[in-house]
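Following: one structure in structure tokens, then a few remarks.
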Number of protein chains: 2
Amino acid sequence: MTTSLHHRAIENLGTRIVGGNLPAGHVMLAEQLEDELKVSRSVIREAVRVLQSLGLVETTKRVGIRVLPPSRWNPFDPQVIRWRLASDARGAQLRSLAELRAAVEPAAAELAAENAPAPLRLELVDVAYAMRDAGHNGEVPRFLELDIQFHSLLLSGSGNEMFANLMGQVAETLTGRTVHGLMPDHPHEAALQWHVDVAEAIARGDAAAARDASDRIMRRTMSQMSDTWTEQPRVFIPVRH
Amino acid sequence: MTTSLHHRAIENLGTRIVGGNLPAGHVMLAEQLEDELKVSRSVIREAVRVLQSLGLVETTKRVGIRVLPPSRWNPFDPQVIRWRLASDARGAQLRSLAELRAAVEPAAAELAAENAPAPLRLELVDVAYAMRDAGHNGEVPRFLELDIQFHSLLLSGSGNEMFANLMGQVAETLTGRTVHGLMPDHPHEAALQWHVDVAEAIARGDAAAARDASDRIMRRTMSQMSDTWTEQPRVFIPVRH
DNA sequence: TGACACCGATGTGTGCAGACATCAAAACTC
DNA sequence: GAGTTTTGATGTCTGCACACATCGGTGTCA
């Protein structure tokens, strides 16, 4: 199946804007985009509407379609995140996601210990032990898969739909780490145990212990990654009154 | 200026879907929506495309426009949040936001202590002291305004654009609290001091102290609010493999 | 003469109507 | 039951009328 023209138009413009090829303030005309992408007006109009809802562009009569600065983008939109990960700002995006994850996961662990359904708790324990085995045996691909499953279950078990929604992005950061060669062949022994600690604390409903163990995992992964992206420039979003 | 038809169509359908009037699985036809909203096909199509990008509906040839379940919605989209706050699920949405905020703010305080630009640190200190004064004098509206400004500055100062983007939603939760009558006339004395502590810790670059003080604020507000929404049902989003 | 307010021309997004293309669900045939 | 045809919905294209922000010219007043 060839993806729809609508989808391709969004993808084309989205990657170019987020990638910086179309700088903020740049003005385009609908007609010009029709010619450029060789599609009809309706396709362009529908694509622009979507980009507008993501905060990537704004339309003004008599002016055209204006590209907005990054401070106006919706940084939580999965598409925007994907485009940023595919751009030069990949490092900065990974850092942002990692920081968000480091903040959220201990809180999610705490909530999961209080609210998660029983079957999920059991699965979490199983996965934690499987992770430990895979880590010991140096089965890197299987470990990565289990790692993603573990953290997905944790976020899902919190019962907070915003936490749960970060699953997809978390998977990105984890796979991103391996792509960047930041993943050792044998994960740190203590980190493996901490995963088990989180799972068992949740299983027995010990919120404080779950948070603490999760916090240890996060602090370790953060300190592990921080070296690689210290050179990434930070973006300060001005306060809108 | 009358808001555009496009905007009105999105608003109409968005509120109805998020509000539960159009249940998941419900199928609509573009032609039927044209008649119902008395607008042309292009308006409907552009609106549907936007709702599609928010995960509220999907379109299938030969079937129509199908409403998707809440687990498919983008819970971070400002519009979705706004519609949810206007619906029966207002309580659950406020709780989710409060939990997110409680997780993020201490992390943001830590980052701000390390990265925030100097002028922002100074402004933060000023606002913290102004808050304390306003709190002492029982100036509730002014206190609320300063409170929002304080937390906006904090999130913005973290240098993480995802944290910074939560400002708008945070403002909602704070104003939401007053609307719900959860705001005492005289804010708790210790909480006022903690705000000052956060600001001064950030000003002198003490990340650990900033986090601790912020964490105390969050724990207090959470325990304050938790009574009111314990009856709200939690939504567990299934893990997608 | 110069500054300023007004006003009409212009160009671009917005909204409308109708046509044909495409493709997957559903009905049909064997 | 498997394969084929039909059908009905979205996808795409096009021409047109309208709304309205911007720009430039015109007239008025100091």
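Computed from heavy atoms alone, side chains included, the values below leave out hydrogens, waters and symmetry copies. Reminder, nothing fancy here: chain letters follow the sequence lines and each chain counts from 1.
For dT14(C), the OP1/OP2 oxygens have a side-chain nitrogen or oxygen of Thr59(A) closer than 4.0 Å. Of the side-chain N and O atoms in Arg49(A), none sit less than 4.0 angstrom from OP1 or OP2 of dG13(C). Remark: Ser40(B) is not in phosphate contact with dG15(C), judged by side-chain N or O atoms under 4.0 Å from OP1 or OP2.
Atom C1' of nucleotide dT10(D) and atom CD of Glu58(B) are separated by 13 Å, given to the nearest angstrom. At whole-Å resolution of the value, NZ in Lys61(A) and P in dT22(D) are 12 Å apart. Distance CD1 (Ile44(A)) to C1' (dT12(C)): 15 Å, rounded to an integer number of Å. The distance between atom CD1 of Ile65(B) and atom P of dA9(D), rounded to the nearest whole Å, is 11 Å. When rounded to the nearest whole Å, the span between CG of Leu33(B) and C1' of dT10(D) equals 13 Å. dA17(C) atom C1' lies 12 Å from atom CZ of Arg45(A), rounded to whole Å. The distance from atom CZ of Arg66(B) to atom P of dA25(C) is 9 Å, rounded to the nearest whole Å. Atom P of nucleotide dT10(D) and atom CD of Glu34(B) are separated by 9 Å, given to the nearest angstrom.
Two residues, Val43(A) and Thr60(B), neighbour DNA chain D, and the one matched to the more 5' nucleotide by heavy-atom proximity is Thr60(B).
With contacts defined as side-chain heavy-atom distances shorter than 4.5 Å, the pair Leu33(B)/Leu13(B) qualifies. Residues Leu22(B) and Met28(B) have side chains in contact (heavy-atom distance under 4.5 Å, counting atoms from C-beta outward). Proximity of Arg49(B) to Arg49(A): side-chain heavy atoms (C-beta onward) are nowhere separated by under 4.5 Å. For the pair Phe76(B)/Asn165(B), no side-chain contact is recorded, criterion being any heavy-atom separation below 4.5 Å from C-beta on.
Closest approach to the Arg62(B) side chain among dT12(C), dC16(C), dA24(C) is made by dA24(C) (side chain taken as heavy atoms from C-beta onward). Considering only side-chain atoms of Leu5(A), the nucleotide from dC16(C), dT10(D), dT12(D) that sits closest is dT12(D). For Leu29(A), counting side-chain heavy atoms from C-beta on, the closest listed nucleotide (dG13(C), dT12(D), dC16(C)) is dG13(C). Picking from dT12(D), dC20(D), dG11(D) the nucleotide with the shortest atom distance to the side chain of His6(A) gives dT12(D).
Of the residues His7(A), His6(A), Arg8(A), the one that meets the side-chain contact (heavy atoms from CB on, under 4.5 Å) test with Ile10(A) is His6(A).
Across its full length, the helix from dT1(C)-dA30(D) to dC30(C)-dG1(D) shows an angle of 10° between the axes of its 5 terminal pairs at either end, rounded to 10 degrees.
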(message) Go through it in stages, so that I can follow the logic: the residues are His195(B) and His151(B), the test is side chain to side chain contact (heavy atoms under 4.5 Å, CB included), and I'd like the CA-CA distance, side-chain angles, deciding distance and then a yes or no.
(response) CA-CA 10 Å; His195(B) 280 78; His151(B) 294 284; 3.2 Å; yes
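Side-chain atoms of Arg41(A) come within donor-acceptor range of the base of dG15(D), with a qualifying N/O pair under 3.5 Å.
Checking Arg16(A) against Asn12(A) by side-chain atom types alone, a donor-acceptor pair falls below 3.5 Å.
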